[in-house]
Amino acid sequence: MKKALFLLLLILSACGKNGRKQPKDISRWEGMEHNLTAESVELDTALLEFSNIIPLDDHIIFQQYRAQKQFYLYRQNGNSLSYMGSFLNIGRGPYEAMAAEAFHIPENNALVIVGENFYGSSFVIPLDDIKNLLNPSTWRNHYNEALMAQARVAPVDTTSLIVQKGEGRHIFGITGMDNSAIEDVDITYPEESKDLSDSERSSNVYFGSRIHKRPNHKQFVYSTQDGFFVKVFTLNNDGIVTEQFDLFDELPQYTVTGSGKVIKNESNKFGLIIATTDRYIYCVDRRVSNRTFRDCMQVNGYPLGYAKTIYVSDWKGKARIKYTTDLPVMRVVVDNRDEYLYGVTRSEETMEERLVRFRLPKLD
């Protein structure tokens, strides 16, 4: 009898009123609003752009796409940053890449750089001395030919990678840094399509989606480029899925023509941008759909690509708080202490990008 009662309580706790499951949409954050006020972050050496931001403990790395060096290292002192140097030339040499993405792996005290255009090369840089970033002789250079055909690549740690596959029913695979086969992760695409093959669905609907890692854990967030679909999943040391759930479950909205062309519906939303820390998942809502993106300035009051609304959950999927920033921002990241949220805004006077940060309240 006690066992039956316990099971009933579990079922009821997973359901809302009238026995229905709780919605996996923004309604869970109603009544949790909190306003954030920006403060400027001053750089002693200016940058032309902030293509990506990678916060470390006491330093910040910025990426620029339109410069000979791809990454720029700054030491942090309050809301001011001091330039230390730049690294990773654009090129095809031993310690170069035509394009790349950098990931901080705090559990291994390392920065992992994954080369793009085309995938294959990756670099592991130990961070026991921050100056290693500026000294390629301390880097470990890896190459895996199997990465060439993948849609997205991110590190699991300093020895293995998770990829969004370019074909097949399984979204993800696991492989090593150096030449090795890609093993499927047992997670399939969230919807079946009678009109598209698996490879067409991957390249035409889900291409551009992103994988984000929880620092210090083998837990990941997958966010689609279109639609409000966000999946959280956990892997064990053998790459087997031990837990998964959908944080948001609104799929991309599209139509397939008779010739096989994919057309996004007007109701199709632009996907959520994700930032992660050890404690929380930050979901940035640009509040744009295929219907409104041309009139984004008129509808939202800020340009396309920017946002002011951020939904925060813990790693169990519980809604915690909804932030509204006083300035529209993009390139949103959060330091791993959950003290500051960083973003890039644009000056209305000069139209130049500038870095700002927002102090976050303690949630625990």
Side-chain angles (χ1 to χ4, degrees), residues 43-76 81-164 166 173-182 210-213 215 331 333 336 342 344 355:
L43 284 68
D44 66 352
T45 302
L47 294 175
L48 294 176
E49 60 177 341
F50 302 92
S51 302
N52 282 306
I53 307 170
I54 303 99
L56 307 178
D57 290 338
D58 300 309
H59 299 78
I60 296 182
I61 299 170
F62 301 102
Q63 185 171 11
Q64 291 194 105
Y65 289 144
R66 295 177 293 176
Q68 183 57 35
K69 297 279 190 177
Q70 297 194 46
F71 297 101
Y72 295 77
L73 175 64
Y74 284 76
R75 180 185 294 110
Q76 188 171 6
L81 300 175
S82 302
Y83 177 67
M84 293 183 63
S86 58
F87 58 100
L88 193 66
N89 281 325
I90 295 175
R92 301 184 184 275
Y95 294 99
E96 299 177 336
M98 295 305 295
E101 188 169 4
F103 304 84
H104 182 210
I105 310 297
E107 59 267 39
N108 299 122
N109 195 25
L111 188 80
V112 175
I113 298 177
V114 178
E116 301 176 349
N117 292 357
F118 293 99
Y119 292 118
S121 295
S122 57
F123 310 99
V124 177
I125 308 173
L127 294 179
D128 51 320
D129 183 347
I130 195 68
K131 293 181 181 178
N132 286 344
L133 293 170
L134 311 178
N135 181 9
S137 67
T138 66
W139 302 7
R140 297 203 315 267
N141 194 349
H142 300 271
Y143 183 80
N144 187 340
E145 191 175 53
L147 301 178
M148 296 284 283
Q150 309 313 312
R152 183 68 63 181
V153 180
V156 174
D157 47 36
T158 55
T159 62
S160 57
L161 299 164
I162 185 168
V163 304
Q164 181 185 340
I174 296 287
T175 187
M177 288 282 185
D178 293 300
N179 280 332
S180 57
I182 296 176
R210 302 300 297 267
I211 310 169
H212 306 264
K213 185 179 185 295
R331 317 283 188 224
V333 297
N336 205 39
Y342 290 85
V344 176
L355 185 68

List for me each residue that meets side chain to side chain donor-acceptor pair (under 3.5 Å) alongside [X], sequence neighbours excluded, and say none if there are none.
| X | answer |
| --- | --- |
| Gln64 | none |
| Gln76 | Tyr342 |
| Asp128 | Asn132 |
| Asn135 | Ser137 |

Nearest heavy atoms of [X] and [Y], plus distance in Å:
| X | Y | answer |
| --- | --- | --- |
| Pro155 | Ile105 | CG-CD1, 3.8 Å |
| Asp178 | Asn144 | O-ND2, 3.2 Å |
| Leu161 | Gly176 | CD1-O, 4.0 Å |
| Leu48 | Arg66 | O-NH2, 4.5 Å |
| Ile54 | Ala102 | CG1-O, 3.9 Å |

Can you tell me how far [atom2] of [Y] sits from [atom1] of [X], rounded to the nearest 0.5 angstrom?
| X | Y | atom1 | atom2 | result |
| --- | --- | --- | --- | --- |
| His212 | Phe103 | NE2 | CZ | 9.0 Å |
| Leu81 | Leu43 | CG | CG | 5.0 Å |
| Leu355 | Ile53 | CG | CD1 | 5.0 Å |
| Ser180 | Ile174 | OG | CD1 | 10.5 Å |
| Ile60 | Leu73 | CD1 | CG | 10.0 Å |
| Ser86 | Ile61 | OG | CD1 | 12.0 Å |

Please enumerate all residues that pass side chain to side chain contact (heavy atoms under 4.5 Å, CB included) together with [X], with sequence neighbours excluded.
| X | value |
| --- | --- |
| Pro136 | Tyr95, Trp139 |
| Ala100 | Gln70, Phe71, Leu88, Ala97, Ile113 |
| Arg140 | Val124, His142, Thr158 |

Task: Partner residues of Arg75 under the salt bridge (charged side-chain N to carboxylate O under 4.0 Å, His left out) criterion, sequence neighbours left out - done: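 With neighbours one apart ignored, the set is empty.
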TODO: Could you pull out all residues at least two apart from Asp157 that satisfy salt bridge (charged side-chain N to carboxylate O under 4.0 Å, His left out)?
DONE: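 Salt bridge (charged side-chain N to carboxylate O under 4.0 Å, His left out) check on Asp157 returns Lys218.
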- [ ] Among Glu101, Gln63, Arg331, find the one that has a side-chain hydrogen bond (donor to acceptor under 3.5 Å, both in side chains) with Asn52.
- [x]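 Running side-chain hydrogen bond (donor to acceptor under 3.5 Å, both in side chains) over Glu101, Gln63, Arg331 with Asn52 returns exactly one hit, Gln63.
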TODO: Walk me through it: do Asp129 and Thr138 pass the test side-chain contact (heavy atoms from CB on, under 4.5 Å)?
DONE: CA-CA 10 Å; Asp129 183 347; Thr138 66; over 6 Å; no
Would you find a donor on one side and an acceptor on the other, under 3.5 Å apart, between the side chain of [X] and the backbone of [Y]?
| X | Y | answer |
| --- | --- | --- |
| Asn141 | Ser121 | no |
| Gln164 | Arg210 | no |
| Asn89 | Glu96 | no |
| Glu49 | Tyr65 | yes |

Open item on the list: According to ring-ring contact (aromatic ring centres under 6.0 Å, His included), who are the partners of Tyr72, at least two apart in sequence or on a separate chain?
Closed with: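 Expected list: none.
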Task: Qualifying residues under ring-ring contact (aromatic ring centres under 6.0 Å, His included), relative to Phe62, sequence neighbours excluded - done: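 Partners of Phe62 by the ring-ring contact (aromatic ring centres under 6.0 Å, His included) criterion, ordered by chain and then number, come out as Phe50, Tyr74.
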Task: Lys69 atom NZ: more than 12 heavy-atom contacts under 6.0 Å - done: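 Atom NZ in Lys69 is packed in, count exceeds 12.
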- [ ] Any chance you could lay out the side-chain contact (heavy atoms from CB on, under 4.5 Å) test for Leu133 and His59, step after step, and finish with the verdict?
- [x] CA-CA 12 Å; Leu133 293 170; His59 299 78; over 6 Å; no
Open item on the list: Would you say that Val112 contacts Met177 through its side chain, given a criterion of any heavy-atom pair below 4.5 Å between the two side chains?
Closed with: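 A side-chain contact exists here, since the closest heavy-atom pair is under 4.5 Å.
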- [ ] Sequence neighbours left out, what pairs pass side-chain hydrogen bond (donor to acceptor under 3.5 Å, both in side chains) with at least one residue falling in residues 105-115?
- [x]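 Applying side-chain hydrogen bond (donor to acceptor under 3.5 Å, both in side chains) to every pair that reaches into residues 105-115, excluding sequence neighbours, yields Glu107-Lys213.
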